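What follows is one structure encoded as structure tokens, with my remarks underneath.
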Amino acid sequence: MNVPLLLVVAWLCLGLESGLSSSIPGQPGFVLPLAVLVALSAAPGAALWTCLVLGLCVDLLTMRMHGAGGALVAVPGPMAIGYLVAGQFVLALRGQVIRRNPLTLLALSVVGMAIAQAFACGLLTARHLAHPEFEWRPLAELGRRLLSALVTGPVALVMALVLLPLAPMFGGGGGGRRAR
Amino acid sequence: MNRVARHSPLRRYLLPGSVAALVGLSVAPTRWLSALGGPADAMGLLVAPVKQPVARVVRWLRPPESARDDELVRRLQDDRDRLESLWLQERDENTRLREQIRVLQQGVPYEGLAVRQVIAPVIGPTPGSGGGIVEVRAGRNHTIEVGAVATTTGAQLVGLVGRVGPRSSMVTLITTKQSDRQGERGIRGRIALADAARGSLCLLYPQGRGVLRGQVEHGGPEPEVGQVVRVEDDQLPAAARMLVIGKITAVDRVAGRAVITVAPTVELDRLSEVILRQTTDSPAGGTDGGPP
């Protein structure tokens with residue numbers, strides 16, 4: 001795996017997610033398609049760690065309101081776990097799909113984002129139950145996040161034009177058995 | 001790497017251990033997470049070189065409505081709004097000082113109030129907030145504190161600072177809906193009448209679609225569409241006094257009470273810069289009763 005290239009692309013995707021996502025109706029994700037691509041291309045261990053770290057970066061960039069005073073705190077964990085589960089889902093399916101097809105990235109990004117957001121919602125709901133001062137509306141947020149998963153599809157399709165040519169550099173020989 | 005190292009217990013349990021730690025952090029008390037402010041700030045600084053140009057391009061592609069008006073007219077309107085707010089603040093301060101004089105005659109020392117202002121460019125909305133929380137380029141390096149008031153260059157209240165980093169701060173917009181729980185704090189405001197007389201008080205709650213809504217207290221003049229609502233809330237910092245919450249866009253009647261919908265005079269999620277107003281206490285005169 002070309003780690004420096006992955007870091008640069010991840011940096012760009014995090015910047016896009018941070019600066020652009022809230023301005024687009026539905027708030028699509030720009031980091032998850034990258035995580036899906038890595039999960040399609042890389043060795044399983046590297047793919048899972050990459051998904052975990054990307055999700056953790058998204059958590060650190062997301063401020064959540066706590067208390068009537070509106071204090072803003074980053075909660076690490078929900079999206080990290082969500083991205084990890086989404087990555088595991090892609091790993092389980094990657095033998096069955098055409099990896100270099102943009103539509104594959106679209107479909108897996110939509111489903112992967114839905115899985116990631118569902119897990120994140122579950123953890124955040126648990127946080128709300130444990131700490132009522134955490135501002136959280138479970139059903140409304142779940143609906144909003146599932147919509148975000150749908151809107152992530154077209155974004156993934158556009159990103160596929162740039163990311164798919166780079167996929168071999170993220171692979172590092174992953175996705176198949178190594179010759180011994 | 002040899003086969004032994006590849007299958008060492010540490011490597012085997014590192015991922016599950018990390019997952020367990022992250023699940024624990026997801027439900028950890030808030031005071032524990034506050035210690036993680038450093039990594040969060042670092043991540044924000046790391047992506048800022050990409051985030052800010054992207055946000056600037058978005059603002060260029062979708063300028064706020066006011067930018068389409070004639071520039072001179074907009075500046076004159078800003079000046080008018082600012083001067084009107086200053087006049088109302090001075091009138092309010094005058095009333096307060098008269099009360100202070102009356103109290104001073106009973107021996108209570110006088111305490112003054114100063115407001116420091118910092119112009120802060122808007123970096124962009126924070127992810128996952130739906131545009132309800134924006135990041136601005138002024139933080140502890142400008143001695144900004146949590147609770148500072150953000151306004152436009154006119155007199156429109158934008159929001160309150162909810163988090164301060166080394167070089168940036170997060171501002172929660174006044175139209176950001178926080179929760180559906182009962183007891184959510186609204187903003188108390190007073191409807192300004194055309195002749196600068198004091199209209200009715202109202203308590204406005206954010207609705208999350210760029211507007212606030214709330215009931216008008218009984219007994220005052222009937223509210224009308226187009227009237228300005230200004231802050232009159234002791235729970236907010238003094239720097240927010242008499243700032244504009246917005247204009248009334250709709251008046252409904254619910255159970256015999258007037259319910260107004262108020263929209264800010266500008267689109268708060270498309271601003272390019274805000275003014276952060278930090279209240280500072282400056283005692284003026286009086287030597288009795290103060291700390292050494």
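Basis for what follows: all heavy atoms, side chains included, without hydrogens, waters or symmetry-related copies. In this text the structure is predicted, and so the values were computed from the model without any measurement.
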Are any of the side-chain heavy atoms of [X] and [Y] separated by less than 4.5 Å?
{"X": "B/Leu33", "Y": "A/Arg127", "answer": "yes"}
{"X": "A/Leu14", "Y": "B/Leu46", "answer": "no"}
{"X": "B/Thr30", "Y": "A/Phe134", "answer": "no"}
{"X": "A/Leu20", "Y": "B/Val58", "answer": "yes"}
{"X": "A/Val73", "Y": "B/Arg163", "answer": "no"}

Let's test your reading of the structure: which of B/Gly124, B/Pro53, B/Ala48, B/Pro29 forms the most heavy-atom pairs below 4.5 Å with chain A?
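Looking at each of B/Gly124, B/Pro53, B/Ala48, B/Pro29 in turn, B/Pro29 comes out on top.
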Given the options B/Gly24, B/Ala28, B/Ala21, B/Gly44, which has more heavy-atom pairs under 4.5 Å with chain A than any of the others?
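Sorted descending by pairs with chain A, the first entry is B/Ala28.
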More than 12 heavy atoms of other groups within 6.0 Å of A/Leu161 CG
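Yes, the 6.0 Å shell around CG holds more than 12 heavy atoms from other groups.
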In terms of heavy-atom contacts, does CD1 of B/Ile119 have more than 12 from other residues, nucleotides or ligands at under 6.0 Å?
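No, the 6.0 Å shell around CD1 holds no more than 12 heavy atoms from other groups.
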Using 0.5 Å steps for rounding, measure from the [atom1] atom of [X] to the [atom2] atom of [Y].
{"X": "B/Leu22", "Y": "A/Leu84", "atom1": "CG", "atom2": "CG", "result": "9.0 Å"}
{"X": "B/Thr172", "Y": "A/Leu72", "atom1": "OG1", "atom2": "CG", "result": "4.0 Å"}
{"X": "A/Leu16", "Y": "B/Lys51", "atom1": "CG", "atom2": "NZ", "result": "12.0 Å"}
{"X": "B/Ser18", "Y": "A/Ile81", "atom1": "OG", "atom2": "CD1", "result": "9.0 Å"}
{"X": "A/Met63", "Y": "B/Thr126", "atom1": "CE", "atom2": "OG1", "result": "7.5 Å"}

At a heavy-atom separation under 4.5 Å, does B/Ile123 approach chain A through its side chain, its backbone, both, or neither?
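Answer is neither: B/Ile123 stays 4.5 Å or more from chain A.
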For B/Val47 and A/Ser18, work out which heavy atoms get closest and say how close.
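Taking every non-hydrogen atom into account, CG2-OG, 4.2 Å.
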Using a 3.5 Å distance criterion without hydrogens, assess whether the side chain of A/His131 forms a donor-acceptor pair with backbone atoms of B/Val27.
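Looks like yes, one N/O pair under 3.5 Å.
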Taking every heavy-atom pair that is under 4.5 Å apart, which of A/Val75, A/Leu61, A/Ile24 has the most such pairs with chain B?
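Most heavy-atom pairs under 4.5 Å with chain B: A/Leu61.
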So which of A/Leu124, A/Leu123, A/Leu48 has the largest heavy-atom pair count under 4.5 angstrom toward chain B?
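Among A/Leu124, A/Leu123, A/Leu48, the one with the most close pairs to chain B is A/Leu123.
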Determine, stepwise, if the pair A/Asp59 / B/Leu25 fulfils side-chain contact (heavy atoms from CB on, under 4.5 Å).
CA-CA 11 Å; A/Asp59 280 327; B/Leu25 283 173; over 6 Å; no
